[in-house]
Amino acid sequence: MSPSMDNRGMHSTIAVIDFETTGMTPAQGARATEVAIVLVQNGQVVDRFQSLLRTGVWIPPFITQLTGITNAMVAEAPAAEGVMRDAARFVGDAPMVAHNAAFDAKFWTHELTHADVPAPHAFACTVLLSRRLYPEATSHKLGNIVQHLGLPRAARAHRALADAEMAASLLTRMQQDLRTHWRVENPGHALLSTLQRCAKPKVGKLLADYATPQLVA
DNA sequence: TGCCAGGCCCTCTTTAGGGCCTT
């Protein structure tokens, strides 16, 4: 049995990831500049991975202004391929979560492909879940929804580890709210993935009818 | 800095358009 599985064969570990990059999409030549991953078990962060990556791709000034990551910093960083191989080993077969997962999943796949490593991981998205669970929030940007829920804000947003920690905190809060408000006993990754794809009017019914163990696998 | 990309979601919708979210 995988170390990330509990005794029912369900994933007890979720890997929360955040990338800093040189742009919006690998399709336009953007590459990762920093990656951070935190492992969450039972609402607790149990391990952390963080590294800058050297890809040789130039970082535009506005990205440096946003993230604080400079071309000089990544020039001294380890090669991206080695970092990503280490990141893949760190994640193992744990399912993954990111804030706006479509963005991070693209870079996860792209960077692992560069490193010649398969990327079969399933992603769930805290933006989509946040819109489902907290429709009263006026903004679902990571910093804003964290503040809205009264969760601790990172001292340095737009760095990978700080953002991954905030996303992990948001994930844990959503799991707690599913337990307390919806009485879901074990709100695991598969249920979160189902919720994020569920049409909003059906969310309540899904949770009210929730009794299917495989949903939390 | 503001645009781009792309998927999701809402609505004054569905033969569409525009906002959100990520760097």
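Just so it is clear, the model here is predicted, and its values are computed rather than measured. Quick note on labels: first sequence line is chain A, next is B, and so on, each numbered from 1.
Atom-to-atom, CD1 of A/Ile69 to C1' of B/dT23 comes out at 10 Å; the value is rounded to the nearest Å. Atom P of nucleotide B/dC8 and atom CG of A/Leu129 are separated by 13 Å, given to the nearest angstrom. B/dC10 atom P lies 14 Å from atom CD of A/Glu136, rounded to whole Å. As rounded to whole Å, 15 Å separates atom C1' of B/dG7 from atom CZ of A/Phe107. Atom CZ of A/Phe123 and atom P of B/dG7 are 15 Å apart (whole Å). With rounding to whole Å, A/Leu66 atom CG is found 15 Å from B/dC3 atom C1'. As a whole-Å value, the separation of A/His158 NE2 from B/dC21 P is 12 Å. Rounded to a whole Å, the CD1 atom of A/Ile63 is 13 Å from the P atom of B/dT22.
For the side-chain contact (heavy atoms from CB on, under 4.5 Å) with A/Arg31, the qualifying choice from A/Thr55, A/Leu53, A/Val74, A/Thr21 is A/Thr55, the only one to do so. The one candidate from A/Val16, A/Asp18, A/Leu161, A/Val91 that meets the side-chain contact (heavy atoms from CB on, under 4.5 Å) condition with A/Ile37 is A/Val91.
Residues satisfying the ring pair (Phe, Tyr, Trp, His ring centres under 6.0 Å) test with A/His114, not counting sequence neighbours, are A/His110. Remark: A/Arg54 pairs with A/Ala77, A/Ala79 by the side chain to side chain contact (heavy atoms under 4.5 Å, CB included) rule, at least two apart or across chains. For A/Val146, the side chain to side chain contact (heavy atoms under 4.5 Å, CB included) partners are A/Leu142, A/Leu151, A/Arg153, A/Met166, not counting sequence neighbours. Applying the salt bridge (Lys or Arg N to Asp or Glu O under 4.0 Å) criterion to A/Glu81, with sequence neighbours excluded, gives no partner residue. Taking the side chain to side chain contact (heavy atoms under 4.5 Å, CB included) definition, one finds that A/Asp177 meets it with A/Tyr134, A/Arg173, A/Thr180, A/His181, sequence neighbours left out. Listed by chain and residue number, A/Glu34 satisfy the salt bridge (Lys or Arg N to Asp or Glu O under 4.0 Å) test with A/Arg159 (two or more places apart in sequence, or in another chain).
Across all strands, A/Phe19 comes closer than 4.0 Å only to sugar-phosphate atoms, never to a base (heavy-atom distances). Among the heavy atoms of the strands lying under 4.0 Å from A/Asp18 are primed sugar atoms or P, OP1, OP2 only; no base atom is included. Using a 4.0 Å heavy-atom cutoff across all strands shown, A/Thr33 reaches no nucleic acid atom at all.
Comparing B/dT15 with B/dC20, their C1' atoms sit 25 Å apart, to the nearest whole Å. Annotation: B/dT14 and B/dC9 have their C1' atoms spaced 14 Å apart (nearest Å). Rounded to a whole angstrom, the distance from the C1' atom of B/dG19 to that of B/dT13 is 15 Å. Across the P atoms, B/dC12 and B/dC8 are found 23 Å apart, a figure rounded to whole Å. Here, B/dG18 and B/dC3 have their P atoms 15 Å apart, quoted to the whole Å.
Ring orientation note: the planes of A/Trp108 and A/Phe19 are tilted relative to one another, at an angle of 30° to 60°. Classified by interplanar angle (parallel below 30°, tilted 30° to 60°, perpendicular above 60°), the ring pair A/Phe49/A/Phe90 is tilted.
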Distance-only donor-acceptor pairs under 3.5 Å for side chains of residues 61-68 of chain A, two or more places apart:
residue: A/Thr64; atom: OG1; partner: A/Ile69; partner atom: O; Å: 2.9
residue: A/Thr67; atom: OG1; partner: A/Ile63; partner atom: O; Å: 2.9
residue: A/Thr67; atom: OG1; partner: A/Ile69; partner atom: N; Å: 3.0

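Evaluation of the salt bridge (charged side-chain N to carboxylate O under 4.0 Å, His left out) test over residues 42-53 of chain A, restricted to residues two or more places apart or in two chains, returns A/Arg48-A/Glu165. Each salt bridge (charged side-chain N to carboxylate O under 4.0 Å, His left out) pair with one or both residues in residues 55-67 of chain A, not counting sequence neighbours, would appear here, but there are none.
Non-hydrogen atoms lying under 4.0 Å from DNA chain B are contributed by A/Ser139, A/His140, A/Lys141, A/Leu142, all within residues 138-151 of chain A. For the segment residues 71-82 of chain A, the set of residues with a heavy atom within less than 4.0 Å of an atom of DNA chain B is empty.
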Write down the protein N/O and nucleotide N/O pairs, taken from nucleotides 4-6 of chain B, whose separation is under 3.5 Å; answer none if there are no such pairs.
none

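Regarding contacts with the backbone of B/dC10, every side-chain N or O of A/Arg131 stays at 4.0 angstrom or more from both OP1 and OP2. Taking 4.0 angstrom as the limit, A/His99 places none of its side-chain polar atoms (N or O) nearer than this to OP1 or OP2 of B/dC21.
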